[in-house]
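Single-structure report; data block below.
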Amino acid sequence: MNDKIKSAIPSGILVQIAFLLVIVFVFFLLVKNLVVFLPGFLGAICLFVLLINPFRWLTEKKGWKKIWSIVVLILGSACLILGPMYLLIQTLTKKILVMLDDKDKIKTGITSVVDLLHTKYNIDIFDQSNLEKATELGGKVLQSIVNTSVNGLMEIGVAYLLLYFMLVDYKSIERWFNKYIPLGRANMDNMKIDMKKLVVSNTIGVPLTAFCQAVVAYVGYLIFGVDDAFVFFVLTGFAAMIPVVGAALIYIPLVGMLIAQGDTTSAIGLLLYSLILVGLSDNLIRFMLQKRMADVHPLITIFGVIVGVNLFGFIGIIFGPILFSLFFWLIKIYRNEFVIPSENKQA
């Protein structure tokens with residue numbers, strides 16, 4: 001019986017299986033204990049894709065030393081990343097969260113809006129028993145954004161630490177990929193192009209679109225007399241990155257606030273301005289950017305944000321769609337590398 005088993009399963013295959021099982025087990029241990037650093041790892045990859053060409057230009061064309069090139073690129077990109085995060089944290093901690101300490105005032109404001117809509121327009125938005133829950137929910141959401149923003153600082157630190165070593169040894173990394181990734185030369189070249197488009201679309205296209213929307217909305221806030229317009233400009237910039245609802249998360253409550261203050265004319269004007277101009281700017285900017293960046297389907301963005309926020313918190317708004325797009329991109333690479341060649345051989 002033992003002789004039959006030995007003849008059926010060669011010892012070389014058994015050794016390979018055992019070796020693969022050990023690799024999978026060690027890989028599982030590594031992933032289990034390092035998954036908390038996954039956002040930092042993804043951030044390092046995104047930064048590497050964006051900065052590798054400027055790094056090559058500084059070191060190869062301009063003759064800069066590697067260390068000075070890396071310092072300049074890290075400081076420059078950090079200003080672009082940490083600047084908006086600093087504004088968000090400052091805005092939420094000094095303005096919004098201070099307001100949330102006076103929940104009775106917020107509840108009174110919401111109640112006045114609800115009563116006005118119910119009596120004047122016969123629109124019943126909230127049941128009275130749900131007003132307190134809505135106020136508490138808003139406080140929890142804003143506090144969670146602050147917490148994830150603070151955690152984002154740690155993740156950015158990890159990303160830059162990894163980025164430093166990736167840039168220093170980028171030639172070794174490229175040789176390793178070319179040697180060990182089981183893809184043909186054509187698919188490797190396509191992989192580099194697709195990866196760059198994917199990263200640029202999500203890390204530059206999405207924030208840039210949101211910023212432009214926020215600028216358009218900010219003009220409307222100034223025109224229609226919104227108090228602390230710059231605060232809501234910052235919040236609109238981050239809300240606009242959320243698919244489907246986007247900037248409406250900010251300007252709809254502002255319309256309600258103007259109604260509560262008795263300024264119905266400004267409320268209607270801000271609502272029409274936001275629906276037409278802010279919404280139009282979103283579509284126009286996306287149309288312009290699609291010519292230069294990857295055209296990511298809206299459903300990928302929506303489900304990517306859901307997955308990303310569950311995995312990484314607020315910063316998952318950026319990394320979630322990248323992961324989701326990466327999944328379909330891997331399927332595309334697999335098809336190009338293994339399925340199409342097999343079909344051609346059979347033909």
Side-chain angles (χ1 to χ4, degrees), residues 39-59 62 64 66-93 145-146 148-168 170 195-218 230-242 246-247 281-282 285-286 288-289 292-294 296 301 304-305 308 312-322 325:
F41 178 70
L42 290 174
I45 293 176
C46 293
L47 288 169
F48 179 79
V49 171
L50 295 174
L51 298 179
I52 184 60
N53 287 336
F55 178 73
R56 283 174 170 167
W57 181 76
L58 289 175
T59 54
K62 294 296 182 179
W64 286 27
K66 284 186 176 181
I67 184 64
W68 290 115
S69 301
I70 293 174
V71 168
V72 169
L73 292 174
I74 285 179
L75 290 177
S77 59
C79 290
L80 294 176
I81 295 173
L82 296 178
M85 290 191 66
Y86 175 79
L87 276 177
L88 177 65
I89 294 173
Q90 288 292 98
T91 299
L92 290 177
T93 53
I145 292 177
V146 172
T148 53
S149 299
V150 173
N151 293 336
L153 296 177
M154 181 189 72
E155 293 162 355
I156 290 172
V158 173
Y160 276 115
L161 178 64
L162 295 174
L163 176 67
Y164 171 80
F165 293 103
M166 292 172 72
L167 288 176
V168 168
Y170 79 93
M195 178 63 75
K196 185 175 181 179
K197 288 183 178 180
L198 177 64
V199 170
V200 169
S201 176
N202 286 279
T203 59
I204 295 180
V206 172
L208 181 59
T209 303
F211 174 76
C212 293
Q213 271 192 282
V215 170
V216 176
Y218 180 52
F230 184 77
V231 172
F232 294 106
F233 159 72
V234 175
L235 295 178
T236 302
F238 284 89
M241 291 190 290
I242 302 174
S281 66
D282 178 38
I285 295 166
R286 290 182 189 277
M288 294 172 61
L289 291 178
R292 296 180 177 271
M293 303 178 185
V296 180
T301 303
V305 167
F312 312 126
F314 183 74
I315 201 170
I317 291 176
I318 298 295
F319 292 142
I322 291 178
S325 300

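Note that this is a predicted model, so its numbers are computed, not measured.
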Nearest heavy-atom neighbours spanning Tyr160 and Ala78:
OH-N, 3.0 Å

Determine the minimum heavy-atom distance between Tyr170 and Arg56, stating which atoms define it.
CE1-NE, 3.4 Å

To the closest 0.5 Å, what do you measure between CG (Leu47) and CD1 (Ile52)?
12.0 Å

Looking at every non-hydrogen atom in both residues, tell me the closest pair between Thr236 and Ala214 and how far apart they are.
CG2-CA, 4.0 Å

I need the Tyr164 OH to Ile67 CD1 distance, nearest 0.5 Å.
4.0 Å

Heavy-atom pair of closest approach, residues Ile45 and Met166
CA-CE, 4.4 Å

Around atom CZ of Phe48, are there more than 12 heavy atoms from other residues, nucleotides or ligands closer than 6.0 Å?
yes

Using 30° and 60° as the class boundaries, would you call the ring planes of Phe230 and Tyr218 parallel, tilted or perpendicular?
perpendicular

What one should report as the nearest heavy-atom pair of Pro54 and Leu73 is CB-CD2, 3.9 Å

In this structure, OG of Ser69 is separated from CG of Leu167 (nearest 0.5 Å) by 9.5 Å

Shortest non-hydrogen contact from Ala240 toward Gln213:
CB-OE1, 3.6 Å

From the list Val71, Ile70, Leu58, side chain to side chain contact (heavy atoms under 4.5 Å, CB included) partner of Trp64 resolves to Leu58

Any Phe233 side-chain heavy atom under 4.5 Å of Val215 side chain
yes

